[in-house]
Amino acid sequence: MEAEEWDQWRNNPVTTWVMAALDKAASAQREGWIAATWDAGGCDPLLLATLRTRADAYRALSEIALDDVRKMHDSTD
């Protein structure tokens, strides 16, 4: 995949819609932690780790760069 094709894909309305959903999902993980701690009074470290891991994964997907995908693709050949 060339940079021009990548840019077309990234700027496609469907792609931007999906990436926006991933960003919202990442933010929702933080809101989940606030609801569990501030609102409900809990403090479960496992829940925090789970929510942070999910948020990191969502953000990593939405921020992925062409070079990162190329490296992953090439390493599986």
Side-chain angles (χ1 to χ4, degrees):
M1 178 170 290
E2 298 301 321
E4 183 178 322
E5 295 167 309
W6 177 262
D7 291 340
Q8 288 174 350
W9 175 77
R10 287 295 293 198
N11 295 320
N12 182 286
V14 174
T15 305
T16 57
W17 181 79
V18 170
M19 296 305 174
L22 291 171
D23 288 338
K24 288 179 183 179
S27 295
Q29 303 311 300
R30 186 173 193 273
E31 296 304 316
W33 176 249
I34 291 169
T37 57
W38 190 266
D39 298 341
C43 190
D44 180 354
L46 181 57
L47 176 61
L48 175 60
T50 299
L51 295 173
R52 279 190 172 172
T53 299
R54 285 183 193 158
D56 289 346
Y58 291 137
R59 283 201 180 91
L61 283 171
S62 70
E63 297 170 358
I64 198 161
L66 175 58
D67 287 340
D68 297 328
V69 176
R70 283 180 176 157
K71 288 175 189 173
M72 288 186 287
H73 191 277
D74 293 345
S75 70
T76 59
D77 289 342

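- Annotation for T37 and C43: closest pair CG2-CA, 4.3 Å, computed over non-hydrogen atoms.
- We find the NE2-CG distance between H73 and D68 to be 14.5 Å, quoted to the nearest 0.5 Å.
- Remark: N12 CG to T16 OG1 distance equals 7.0 Å, nearest 0.5 Å.
- Screening residues 3-40 for ring-ring contact (aromatic ring centres under 6.0 Å, His included) gives W6-W9 as the qualifying pairs, with residues at least two apart or on separate chains.
- M72 is listed as a side-chain neighbour of I64, based on a closest heavy-atom distance under 4.5 Å.
- Residues I34 and Y58 do not share a hydrophobic cluster, defined by chaining ILVMFWY side chains whose heavy atoms lie under 4.5 Å apart.
- For E4, the side-chain contact (heavy atoms from CB on, under 4.5 Å) partners two or more places apart in sequence, or in a different chain, are Q8.
- For the pair L51 and R54, the minimum side-chain heavy-atom distance is below 4.5 Å.
- Residue pairs meeting the side-chain hydrogen bond (donor to acceptor under 3.5 Å, both in side chains) criterion with at least one partner in residues 18-28, sequence neighbours excluded, are D23-S62.
- Here the CE-CG distance, from M19 to L61, works out to 7.0 Å after rounding to the nearest 0.5 Å.
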Salt bridge (charged side-chain N to carboxylate O under 4.0 Å, His left out), that's the test. Do R10 and D7 meet it? Break it down for me. CA-CA 5 Å; R10 287 295 293 198; D7 291 340; over 6 Å; no
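- With respect to the salt-bridge test (charged N to carboxylate O, under 4.0 angstrom), the residues R70 and D67 qualify.
- Checked by atom type and distance alone, the side chain of T50 pairs as donor or acceptor with a backbone atom of L46 at under 3.5 Å.
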